[in-house]
Amino acid sequence: MWGKVKRRYWNINLPEMMEAGVHFGHGTKKWNPRMAPYISAKRKGIHITNLTITAHFLSEACDLVFDAASRGKSFLIVGTKNKAADSVASAAIKARCHYVNKKWLGGMLTNWSTTETRLHKFRDLRAEQNMGKLNRLPKRDAAMLKRKLSALQSYLGGIKYMTGLPDIVIIVDQKKNIWLFKNVPFWGFRQFV
């Protein structure tokens, strides 16, 4: 499907990765033995990951994403953790990608027709608000529609211009989004964690 990916040089700086704390893994009591090749040491009850291997895999992921982007593929970045929400939104906006940084709504991809209906409703409400139609309604109706618009903005704001299913789904925190992480391969999307 993807063919051979051309290798490029990415400016991955190991000291910066150390400074950012990328090398800190999980506690030594909570780990999967399959991760042993990627762990270089144990300190104070925490595994220390091998940054050289991490940098290699990060470079491969960058190559795949760059190659897909150059082919015009569409991306969906998912990061619903509170700490990552703002970073996910700003990175996706910079990269002109779709994103979900609040609660993942069940069936968002598997039941695309329903999501598309919600997106149309969201766009219509935004258009009505921009034209001032909500101000002409009775206060109670206007308040109800504004609350609905606010809820749709928080949940669907990052995918408001999405016209079809994404080609690639990038999951920022697979532990928080475990259900999505397990189901993305089933749906046939390419994923990066």
Side-chain angles (χ1 to χ4, degrees), residues 1-71 73-106 108-110 155 158-159 165-193:
M1 175 178 160
W2 291 87
K4 185 136 173 88
V5 176
K6 182 181 173 190
R7 298 279 304 151
R8 291 174 192 78
Y9 174 75
W10 301 99
N11 188 16
I12 298 172
N13 193 339
L14 293 181
E16 283 181 14
M17 289 174 73
M18 286 276 288
E19 197 174 304
V22 173
H23 61 292
F24 293 120
H26 295 289
T28 53
K29 293 179 182 178
K30 300 177 186 177
W31 74 295
N32 190 330
R34 288 184 290 184
M35 290 299 294
Y38 310 108
I39 297 171
S40 62
K42 297 176 189 175
R43 291 210 181 99
K44 298 180 183 176
I46 295 176
H47 282 126
I48 307 297
T49 53
N50 186 333
L51 284 182
T52 308
I53 295 173
T54 303
H56 170 74
F57 285 120
L58 182 60
S59 177
E60 281 186 16
C62 288
D63 287 338
L64 286 169
V65 168
F66 185 85
D67 186 52
S70 66
R71 291 181 185 189
K73 302 287 184 186
S74 63
F75 293 84
L76 174 64
I77 302 174
V78 180
T80 58
K81 204 173 193 178
N82 286 339
K83 290 181 182 178
D86 294 335
S87 301
V88 166
S90 63
I93 290 168
K94 274 185 193 175
R96 297 183 180 176
C97 296
H98 308 292
Y99 66 92
V100 175
N101 65 342
K102 300 289 182 201
K103 180 183 174 188
W104 177 265
L105 300 176
M108 194 178 282
L109 298 179
T110 53
Y155 295 131
I159 63 167
L165 293 172
D167 297 311
I168 296 176
V169 178
I170 301 173
I171 304 170
V172 174
D173 184 13
Q174 76 270 18
K175 205 168 188 179
K176 171 94 168 122
N177 301 301
I178 190 72
W179 183 85
L180 175 68
F181 177 70
K182 287 181 178 177
N183 283 294
V184 163
F186 172 74
W187 297 327
F189 299 115
R190 189 72 182 255
Q191 70 179 359
F192 297 100
V193 183

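Note that the coordinates shown come from a computational prediction; the quantities given were computed from them, not determined experimentally.
Rounded to the nearest 0.5 Å, atoms CG (Asp63) and CG (Leu58) are 10.0 Å apart. The CD1 atom of Ile77 sits 13.5 Å away from the CD1 atom of Ile159 when rounded to the nearest 0.5 Å. Note that CD1 of Ile39 and CD1 of Ile46 are 12.0 Å apart. Values are rounded to the nearest 0.5 Å.
With hydrogens and angles disregarded, a donor-acceptor distance shorter than 3.5 Å links the side chain of Ser74 to the backbone of Asp167. Side chain of Thr49 to main chain of Tyr38: no donor-acceptor pair is present (N/O by atom type, distance under 3.5 Å, no hydrogens or angles). A donor-acceptor pair is defined here as one N or O able to donate and one able to accept, closer than 3.5 Å; such a pair exists between the side chain of Thr54 and the backbone of Asn50.
Pairing each heavy atom of Ser70 with each of Asp67, the nearest pair is OG-O, 2.7 Å. Contact detail for Lys103 and Tyr155: the closest heavy-atom pair is CB-CE2, 3.5 Å. Closest non-hydrogen pair, Ser87 versus Ser90, comes out as O-OG, 3.2 Å. The shortest heavy-atom contact between Val65 and Phe75 is O-CZ, 3.6 Å.
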Would Leu64 and Ile168 satisfy side chain to side chain contact (heavy atoms under 4.5 Å, CB included), going step by step from the backbone distance to the final call? CA-CA 10 Å; Leu64 286 169; Ile168 296 176; over 6 Å; no
Between side-chain atoms of residues 94-101 and protein atoms elsewhere (two or more places apart, or another chain), which donor-acceptor pairs fall under 3.5 Å?
| from | atom 1 | to | atom 2 | distance (Å) |
| --- | --- | --- | --- | --- |
| Asn101 | ND2 | Ala85 | O | 3.1 |

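Take His47 and apply the ring-ring contact (aromatic ring centres under 6.0 Å, His included) test, not counting sequence neighbours, and it matches Trp31.
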